[in-house]
Amino acid sequence: SCFSMDACDTAAHCAMLAAAESALCSLDVALIAHGSLPDQRACEASVELTLKEIDTNALSVITLATRLAERFEKQGSGTLAVISSVAGDRGRQSNYVYGAAKGMVSLFLQGLRNRLAKKGIQVLTIKPGFVDTPMTAAFPKGALWAKPDAIACGIVHAIDTKRDVVYLPGFWC
(Lines give C-alpha, C1' and ligand atoms only; values in the text may rest on other atoms or scores of the structure.)
Protein backbone atom coordinates (compact mmCIF):
# COMPACT_ATOMS: atom_id res chain seq x y z
CA SER A 1 0.00 0.00 0.00
CA CYS A 2 1.22 3.49 -0.79
CA PHE A 3 0.05 6.94 0.27
CA SER A 4 1.43 10.08 -1.29
CA MET A 5 1.12 13.50 0.34
CA ASP A 6 2.75 16.87 0.69
CA ALA A 7 4.16 16.85 4.24
CA CYS A 8 3.45 20.58 4.53
CA ASP A 9 -0.25 19.89 3.96
CA THR A 10 -0.80 19.18 7.63
CA ALA A 11 -4.51 18.54 7.03
CA ALA A 12 -3.45 15.42 5.08
CA HIS A 13 -1.51 13.93 8.02
CA CYS A 14 -4.54 12.32 9.68
CA ALA A 15 -5.66 10.60 6.48
CA MET A 16 -2.13 9.30 5.85
CA LEU A 17 -1.84 7.94 9.38
CA ALA A 18 -5.27 6.32 9.14
CA ALA A 19 -4.25 4.68 5.85
CA ALA A 20 -1.00 3.44 7.43
CA GLU A 21 -2.84 2.01 10.43
CA SER A 22 -5.36 0.33 8.13
CA ALA A 23 -2.65 -1.23 5.95
CA LEU A 24 -0.44 -2.29 8.87
CA CYS A 25 -3.15 -3.00 11.49
CA SER A 26 -1.23 -0.83 13.98
CA LEU A 27 1.73 1.49 14.25
CA ASP A 28 4.64 0.40 16.43
CA VAL A 29 7.50 2.48 15.03
CA ALA A 30 7.28 5.67 12.99
CA LEU A 31 10.19 7.43 11.32
CA ILE A 32 9.74 11.04 10.25
CA ALA A 33 12.32 11.66 7.57
CA HIS A 34 11.46 14.56 5.33
CA GLY A 35 12.88 18.00 4.71
CA SER A 36 14.68 20.27 2.32
CA LEU A 37 18.03 22.01 2.31
CA PRO A 38 17.30 25.64 1.48
CA ASP A 39 19.54 28.12 -0.27
CA GLN A 40 20.61 30.30 2.66
CA ARG A 41 21.24 33.40 0.51
CA ALA A 42 17.84 33.08 -1.15
CA CYS A 43 16.24 32.84 2.30
CA GLU A 44 18.10 35.97 3.39
CA ALA A 45 16.49 37.81 0.48
CA SER A 46 12.97 36.47 1.05
CA VAL A 47 10.97 36.27 4.26
CA GLU A 48 8.41 34.17 2.37
CA LEU A 49 11.02 31.58 1.37
CA THR A 50 12.43 31.53 4.91
CA LEU A 51 8.98 30.81 6.33
CA LYS A 52 8.33 28.14 3.68
CA GLU A 53 11.57 26.37 4.65
CA ILE A 54 10.73 26.58 8.35
CA ASP A 55 7.31 25.15 7.54
CA THR A 56 8.91 22.25 5.63
CA ASN A 57 11.77 21.52 8.02
CA ALA A 58 10.12 22.25 11.38
CA LEU A 59 6.38 22.89 11.51
CA SER A 60 5.33 19.97 9.30
CA VAL A 61 7.61 17.65 11.29
CA ILE A 62 6.25 18.91 14.61
CA THR A 63 2.66 18.52 13.43
CA LEU A 64 3.23 14.95 12.29
CA ALA A 65 5.14 14.11 15.49
CA THR A 66 2.25 15.47 17.55
CA ARG A 67 -0.28 13.36 15.67
CA LEU A 68 1.86 10.23 16.05
CA ALA A 69 2.41 10.95 19.74
CA GLU A 70 -1.39 11.11 20.21
CA ARG A 71 -1.76 7.67 18.60
CA PHE A 72 1.09 6.10 20.57
CA GLU A 73 -0.23 7.60 23.79
CA LYS A 74 -3.70 6.12 23.19
CA GLN A 75 -2.27 2.65 22.53
CA GLY A 76 0.21 2.93 25.41
CA SER A 77 3.31 2.09 23.37
CA GLY A 78 5.35 3.00 20.33
CA THR A 79 8.54 4.50 19.04
CA LEU A 80 8.72 7.85 17.32
CA ALA A 81 12.03 8.42 15.54
CA VAL A 82 12.61 11.80 13.90
CA ILE A 83 15.47 12.99 11.75
CA SER A 84 16.70 16.37 12.88
CA SER A 85 20.31 17.43 12.19
CA VAL A 86 23.59 18.41 13.78
CA ALA A 87 22.91 21.73 12.04
CA GLY A 88 20.30 22.39 14.72
CA ASP A 89 22.91 22.40 17.48
CA ARG A 90 24.32 25.83 16.63
CA GLY A 91 23.67 28.70 14.26
CA ARG A 92 26.11 28.79 11.36
CA GLN A 93 26.27 31.61 8.87
CA SER A 94 26.12 29.18 5.96
CA ASN A 95 22.80 27.52 6.87
CA TYR A 96 21.10 29.17 9.81
CA VAL A 97 17.56 28.96 8.42
CA TYR A 98 17.89 25.19 8.08
CA GLY A 99 19.69 25.00 11.43
CA ALA A 100 17.01 27.03 13.20
CA ALA A 101 14.29 24.75 11.85
CA LYS A 102 16.16 21.61 12.91
CA GLY A 103 16.92 23.17 16.31
CA MET A 104 13.19 23.77 16.74
CA VAL A 105 12.52 20.10 15.97
CA SER A 106 15.18 18.91 18.43
CA LEU A 107 13.87 21.09 21.27
CA PHE A 108 10.28 20.05 20.57
CA LEU A 109 11.30 16.39 20.70
CA GLN A 110 13.07 16.92 24.04
CA GLY A 111 9.82 18.09 25.59
CA LEU A 112 7.76 15.41 23.86
CA ARG A 113 10.22 12.75 25.07
CA ASN A 114 9.96 14.00 28.64
CA ARG A 115 6.16 13.96 28.43
CA LEU A 116 5.89 10.46 26.91
CA ALA A 117 8.76 8.62 28.64
CA LYS A 118 6.69 7.79 31.72
CA LYS A 119 4.12 6.21 29.40
CA GLY A 120 6.66 3.84 27.81
CA ILE A 121 6.86 5.65 24.48
CA GLN A 122 10.29 6.16 22.96
CA VAL A 123 11.01 9.47 21.24
CA LEU A 124 14.31 9.34 19.36
CA THR A 125 16.01 12.43 17.95
CA ILE A 126 18.34 11.51 15.08
CA LYS A 127 21.08 14.03 14.32
CA PRO A 128 22.96 13.09 11.19
CA GLY A 129 25.86 15.09 9.87
CA PHE A 130 26.66 15.15 6.17
CA VAL A 131 24.90 12.32 4.30
CA ASP A 132 25.42 11.56 0.62
CA THR A 133 21.82 11.83 -0.63
CA PRO A 134 20.07 13.54 -3.53
CA MET A 135 19.53 16.54 -1.22
CA THR A 136 23.30 17.01 -0.97
CA ALA A 137 24.23 15.90 -4.49
CA ALA A 138 25.75 19.27 -5.42
CA PHE A 139 28.17 19.30 -2.49
CA PRO A 140 31.77 18.07 -2.80
CA LYS A 141 32.17 14.93 -0.68
CA GLY A 142 34.95 14.27 1.79
CA ALA A 143 35.93 12.26 4.86
CA LEU A 144 33.05 13.60 6.98
CA TRP A 145 30.38 12.27 4.62
CA ALA A 146 28.34 9.18 5.44
CA LYS A 147 26.43 6.81 3.20
CA PRO A 148 22.66 6.43 3.71
CA ASP A 149 22.98 2.70 4.51
CA ALA A 150 25.32 3.46 7.43
CA ILE A 151 22.90 6.07 8.77
CA ALA A 152 19.99 3.62 8.41
CA CYS A 153 21.87 0.98 10.42
CA GLY A 154 22.59 3.58 13.09
CA ILE A 155 18.91 4.51 13.27
CA VAL A 156 17.82 0.89 13.66
CA HIS A 157 20.45 0.36 16.38
CA ALA A 158 19.33 3.50 18.23
CA ILE A 159 15.70 2.34 18.13
CA ASP A 160 16.62 -1.17 19.28
CA THR A 161 18.75 0.15 22.17
CA LYS A 162 16.11 2.72 23.22
CA ARG A 163 18.33 5.76 22.74
CA ASP A 164 16.95 9.27 23.26
CA VAL A 165 19.35 11.07 20.92
CA VAL A 166 21.80 9.69 18.39
CA TYR A 167 24.42 11.49 16.34
CA LEU A 168 25.25 9.71 13.10
CA PRO A 169 28.05 9.06 12.54
CA GLY A 170 28.89 9.22 16.22
CA PHE A 171 31.82 11.60 15.83
CA TRP A 172 29.39 14.52 15.39
CA CYS A 173 28.41 14.61 19.08
Side-chain angles (χ1 to χ4, degrees), residues 1-38 43 50-91 95-129 131 133 135 148 151-168 172-173:
S1 180
C2 183
F3 191 99
S4 179
M5 70 168 207
D6 175 351
C8 292
D9 178 5
T10 56
H13 291 181
C14 290
M16 180 274 299
L17 291 173
E21 284 177 323
S22 175
L24 301 169
C25 297
S26 70
L27 297 178
D28 300 320
V29 178
L31 172 64
I32 300 176
H34 71 268
S36 64
L37 186 59
C43 287
T50 296
L51 294 176
K52 178 181 178 283
E53 293 298 340
I54 289 172
D55 187 35
T56 300
N57 290 299
L59 299 179
S60 66
V61 173
I62 288 168
T63 302
L64 190 53
T66 299
R67 299 222 186 276
L68 283 159
E70 290 168 355
R71 282 173 159 71
F72 288 149
E73 196 168 21
K74 282 179 187 167
Q75 72 186 27
S77 64
T79 296
L80 175 59
V82 182
I83 296 182
S84 183
S85 174
V86 297
D89 286 356
R90 67 182 193 279
N95 68 347
Y96 63 85
V97 170
Y98 178 77
K102 292 302 187 175
M104 185 186 303
V105 168
S106 293
L107 284 173
F108 178 84
L109 293 174
Q110 276 182 2
L112 189 63
R113 178 180 311 108
N114 289 330
R115 181 184 125 214
L116 297 177
K118 62 184 167 244
K119 298 177 181 182
I121 299 162
Q122 179 189 13
V123 177
L124 170 63
T125 304
I126 303 156
K127 296 186 175 188
V131 184
T133 66
M135 188 169 88
I151 301 302
C153 288
I155 291 170
V156 170
H157 184 259
I159 290 170
D160 289 346
T161 57
K162 303 287 187 198
R163 299 279 304 271
D164 290 337
V165 178
V166 64
Y167 286 83
L168 297 171
W172 286 106
C173 66

Once you round to the nearest 0.5 Å, how far does CG of L124 lie from OG1 of T161?
-> 8.5 Å
Sort and list the pairs that fulfil salt bridge (Lys or Arg N to Asp or Glu O under 4.0 Å) and have at least one residue in residues 98-110, not counting sequence neighbours.
-> none
Below 4.5 Å, heavy atoms only, C-beta onward: do P38 and N57 meet side chain to side chain?
-> yes
Excluding sequence neighbours, so at least two apart, what forms salt bridge (charged side-chain N to carboxylate O under 4.0 Å, His left out) with E73?
-> R115, K119
Between S106 and S84: side-chain donor-acceptor atoms closer than 3.5 Å = yes
With sequence neighbours left out, write down each residue that passes side-chain contact (heavy atoms from CB on, under 4.5 Å) with A87, or none if nothing qualifies.
-> S85, N95, Y98
Closest non-hydrogen atom pair, L112 against A65 = CD2-O, 4.2 Å
Looking only at non-hydrogen atoms, find the nearest pair between M135 and G35 and report the distance.
-> SD-O, 4.2 Å
Partners meeting side-chain contact (heavy atoms from CB on, under 4.5 Å) with D55 (sequence neighbours left out) = C8, L59
Pair V123-N114, side chain to side chain contact (heavy atoms under 4.5 Å, CB included): steps then yes or no = CA-CA 9 Å; V123 177; N114 289 330; over 6 Å; no
Residues in salt bridge (charged side-chain N to carboxylate O under 4.0 Å, His left out) with D6, at least two apart?
-> none
Closest approach of P148 and T133, non-hydrogen atoms and distance?
-> CG-CG2, 4.1 Å
Side chains of V165 and R113: closer than 4.5 Å at any heavy-atom pair?
-> yes
When rounded to the nearest 0.5 angstrom, what is the spacing between CG in L64 and CE in M16?
-> 4.5 Å
Scan side-chain atoms only and decide if T63 and H13 contain a donor-acceptor pair under the 3.5 Å cut-off.
-> no
Specify the closest pair of heavy atoms between A158 and Q122, including all atoms of both residues, with the distance to one decimal.
-> O-NE2, 3.5 Å
Report the residues that fulfil salt bridge (charged side-chain N to carboxylate O under 4.0 Å, His left out) with D9, sequence neighbours left out, ordered by chain and then residue number.
-> none
Determine the minimum heavy-atom distance between T79 and F72, stating which atoms define it.
-> O-CE1, 3.4 Å
Contacts of type side-chain hydrogen bond (donor to acceptor under 3.5 Å, both in side chains), residue T10, not counting sequence neighbours = none
Atom pair CD1/CG of I32 and L109 - distance to nearest 0.5 Å | 7.5 Å
Name the atoms and distances for all side-chain donor-acceptor pairs under 3.5 Å in residues 21-31, with sequence neighbours left out.
residue, atom, partner, partner atom, Å
E21, OE1, R71, NE, 3.1
E21, OE2, R71, NE, 3.3

Name all residues meeting the side-chain hydrogen bond (donor to acceptor under 3.5 Å, both in side chains) criterion together with H157; count only those two or more places apart in sequence or in a different chain, and write none if there are none.
-> none
Please identify each residue that fulfils side-chain hydrogen bond (donor to acceptor under 3.5 Å, both in side chains) with T50, with sequence neighbours left out.
-> none
Residues passing the side-chain contact (heavy atoms from CB on, under 4.5 Å) test with Y96, sequence neighbours excluded, are Q40, E44
Does a side-chain heavy-atom distance below 4.5 Å link I121 with L80?
-> no
Please list, chain by chain and in numerical order, all residues satisfying side-chain contact (heavy atoms from CB on, under 4.5 Å) with T66, sequence neighbours excluded.
-> I62, E70, F108
